Every structure is written in C-alpha cells, then in structure tokens.
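Values reported hereafter were calculated over all heavy atoms of this structure, with side chains retained and with hydrogens, waters and symmetry mates removed. Sequence positions, counted from 1, serve as the residue numbers for this chain. Everything numeric in this text was worked out from a predicted model, so none of it was measured.
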Amino acid sequence: MPSAKVTNYLHLHFIVFVWGFTAILGELISIAAIPLVWYRMVLATVCVWGYLKIRKIPLHVNRQLFGVLALSGVIIALHWIAFFAAIKAANVSIALATLSTGAFFTAILEPIFYKRKLILYELVFGVLVVIGLYVIFEASSEYSTGIVYGLIAAFLSAVFSLINGKIAKKRSSIVISFYELASGAGFVTLYLVAYTFFGETASGFTRTFFELTLMDWGYLLVLAIICTAYAFIGSVHVMRYLSPYTVMLTTNLEPVYGIVLAYLIFGETEKMNTGFYYGAVLILGTVLLNGIFKNAKKIKRPSTS
C-alpha cells in the first residue's frame, strides 16, 4: 500500500485538477459572472454548514474576527466575479494565465502586510512577470478586457491570501471558510437586491434569474459541491501531511491543468498564438522559481542559527 504522504500528494494533485476544472465550468455555465458567483457561494455555504453540523464543529467567533472574515468574504466574492468575467470576456486560457500573476501581487503586497523589506529577487521576478504580461497583451490584444478582469482577479486573490495568512491560526480553517463564503454570498445578495429595486436593467432577482437549464444546475452543483466545498476541505486535510512548499508548487499547476483541459474540451476556441504561450510560460516559470527560492531560503535559515 502507498504511504500516507504519497496518498495525500496524489489527493492534492486531484484537488488542483478540480480547481483547474473550475474555469471550465465557468465557460460551460451559461449565466453571467455575478449570478454564477451568487449560486456558487450560496450552495457552497450550505454544503460547508452541513459538514460543520455533521462534525459538530462550533461556529462561534469573536466580533473582531467576524469583521475580518466578512471583509475577506467580500474580497473573495469580487475575486470570483472578476475571474468568471475574464472567462466570459475572453476564454479559459487568458483567465488562467493572468490569474497566475497572483504570486507577483503577493510578493509586492507581502512586505506591506507583514512589514518586512522587499527582497531583491522578488523585484526581479516581478519584472519578469510584467514582461510576460506584456507579451500576452501584445499577442492577444483582442482579449484586453478579459486580461484586465484576470489581473483584477489575481490582485484580489493575493489580498485574500494575505488576509487569510494572518487569521488562519486564530480559528479552524473550515469555520473561517464558512464565514467567508456566507459573507460573500450575503454581499452579492445585497448587490442583487439593490439592482432589483434601483437598477436600470433586469440584472437583479428577476424571474429569469432563477430560470436555469438543467445543464446549468448540474454544472453549478459540481462547481459548489466538488470544486468549492470538497476542494477546500480536502486541501485542509492534505496540508496536515505535506509541507507548505509542496502544496504551493503543486497548486501552481492549476493554470496548466486548466489550459490543457480547456483545449481538449473546447478545441479551437482555446487555441492561442505562439506569443501567448511564451508569455504564459514566462509567468508560470517565474512563479515556480519564486517558490523554489523561498523554500531554499527557509531551509538555509535554520543552519545559520
């Protein structure tokens, strides 16, 4: 039988594959980005709540932590809206390639959040990411709107990760996830209610909002239950057995899985020119190198003390 470490490593790859499939579902689901995120967050909140109840995990958090979780929930909701908007405006490949710049935004914002100096190699990698983005823009200028949405999604993803990094040890990750999903769902709900009464177009809770095809319902359930609730709970489980470095490097394969899946499923609509792939490889390679450098620094640090 394989060891627990090997089993959990394979499990992690499956979870990352599932995350990559999220973008595919974003393309397959016919509704717009905001309704899509509302359904995703509401259904995922119900799933995580059911898991908490079955496991009898208490939900109590103090008022200060709840405020931070609510803010984090709004940020992840906006992140998903921007991500799915990028898919709708361009395609899966563009959305995933630009989303990879989240590591660059994290490197820039981390010194501000944690009050440390900016490291030289992070600046160099940042320049490489900007070059990669420039190559993608030049090669795929017809998708400029989708690229901008993708960059917004990447920036919000970085902010979300940094906030979670500060609060992760204060409460169970599953409880944190529940409040973030619930808060995000509440935020999108308030937006849609406001649009229902004050919007100029039928973009709120109208009758057509709830008239989904059976296919859309099926895809939404997969997105909420497997790609959101299951993937999160599973990722928390494997982190008990694998190093953060292994988790980080494996997670960076999400765009690779997603782009390959998109090409296999959607064919020519996902086929990009050579310039796009040069830019995407430069960004992904830089992200991987950043992880390798950070891990080498962590290994070296104890030996000098």
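V46 and L69 are not part of a single hydrophobic cluster, where members link through side-chain heavy atoms under 4.5 Å apart. Criterion: ILVMFWY side-chain heavy atoms under 4.5 Å apart, direct or through other members. Under it, I75 and Y191 are part of a common hydrophobic cluster. I265 and V18 fall within the same hydrophobic cluster, where Ile, Leu, Val, Met, Phe, Trp and Tyr residues are linked whenever their side-chain heavy atoms come under 4.5 Å apart, directly or through other members. Taking hydrophobic clusters as Ile, Leu, Val, Met, Phe, Trp and Tyr residues chained together by side-chain heavy-atom distances below 4.5 Å, L181 shares a cluster with L52. One hydrophobic cluster, built from ILVMFWY side chains closer than 4.5 Å, holds both L65 and I57.
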- Item | Derivation and outcome, side chain to side chain contact (heavy atoms under 4.5 Å, CB included), residues L151 and L133 | CA-CA 10 Å; L151 290 174; L133 278 173; 3.7 Å; yes
- Please test T269 against N91 for side chain to side chain contact (heavy atoms under 4.5 Å, CB included), starting from the C-alpha separation and ending with a verdict. CA-CA 8 Å; T269 60; N91 58 27; over 6 Å; no
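Taking 4.5 Å as the limit, some side-chain heavy atom of N164 sits within range of a side-chain heavy atom of F160. The closest side-chain heavy-atom distance from Y39 to F210 is below 4.5 Å. Counting heavy atoms from C-beta outward, I283 and I136 have side chains that approach closer than 4.5 Å. A heavy-atom distance below 4.5 Å is not found between the side chains of L190 and V193. Two residues are said to be in side-chain contact when any heavy atoms from C-beta on lie closer than 4.5 Å; Y179 and L59 meet this criterion. W80 is listed as a side-chain neighbour of T228, based on a closest heavy-atom distance under 4.5 Å. L28 is listed as a side-chain neighbour of F266, based on a closest heavy-atom distance under 4.5 Å. A heavy-atom distance below 4.5 Å is found between the side chains of E180 and I167.
Here the side chain of E27 pairs no donor or acceptor atom with the backbone of V92 at under 3.5 angstrom. A donor-acceptor distance shorter than 3.5 angstrom exists from the side chain of T98 to the backbone of A95, with no hydrogens or angles considered. Under the 3.5 Å distance criterion, the side-chain polar atoms of K88 are left unmatched by any main-chain donor or acceptor of F83. A donor-acceptor pair is defined here as one N or O able to donate and one able to accept, closer than 3.5 Å; such a pair exists between the side chain of T22 and the backbone of W19. A donor-acceptor contact shorter than 3.5 Å is absent between the side chain of H79 and the backbone of L156. Put simply, the side chain of T208 never gets that close to the backbone of E211: no donor and acceptor are under 3.5 Å apart. Not a single donor-acceptor pair under 3.5 Å links the side chain of E110 to the backbone N or O of L162. The backbone N or O of V74 lies less than 3.5 Å from no partner atom in the side chain of S183, so there is not a single donor-acceptor pair. Side chain of N8 to main chain of H11: no donor-acceptor pair is present (N/O by atom type, distance under 3.5 Å, no hydrogens or angles). Remark: side-chain polar atoms of S157 are not paired, donor with acceptor, to backbone N or O of A153 under 3.5 angstrom.
Heavy-atom contacts from other residues, nucleotides or ligands closer than 6.0 Å to CG of L214 number 12 or fewer. Sparse packing is recorded around CZ of F155, with 12 or fewer heavy atoms of other residues, nucleotides or ligands lying under 6.0 Å away. Around OH of Y230, the count of heavy atoms belonging to other residues, nucleotides or ligands within 6.0 Å exceeds 12.
Rounding to the nearest 0.5 Å places CZ of F178 at 8.5 Å from NZ of K53. With rounding to the nearest 0.5 Å, the separation of CD1 in I81 from CD1 in I76 is 10.5 Å. Note: I29 CD1 to I87 CD1 = 9.5 Å, rounded to the nearest 0.5 Å. Summarising the geometry, atom CZ belonging to F187 is positioned 10.0 Å from atom CG belonging to L192; distances are rounded to the nearest 0.5 Å. Distance check: I174 CD1 to I233 CD1 gives 5.0 Å after rounding to the nearest 0.5 Å. Between atom CD1 of residue I131 and atom OH of residue Y278 there is a gap of 16.0 Å, rounded to the nearest 0.5 Å.
Listed here is the closest heavy atom pair of A154 and T101: CB-OG1, 3.3 Å. Pairing each heavy atom of L128 with each of L282, the nearest pair is O-CD2, 3.5 Å. In plain terms, the two heavy atoms of V175 and P58 that are nearest each other are CG2-O, 3.6 Å. Minimum interatomic distance between G102 and A158 (heavy atoms only, all atoms of both residues): O-CB, 3.7 Å. Nearest approach of A231 to C227, heavy atoms of both residues: CB-O, 3.5 Å. When all heavy atoms are compared, the tightest approach of F209 to G204 is CD1-O, 3.5 Å.
Among F84, Y195, F205, the single residue meeting the ring-ring contact (aromatic ring centres under 6.0 Å, His included) criterion with W38 is F205.
For F21 and Y219, the ring centers sit 6.0 Å or farther from each other.
The aromatic rings of H13 and Y9 sit perpendicular to each other, their planes meeting at more than 60°, with 30° as the lower class boundary.
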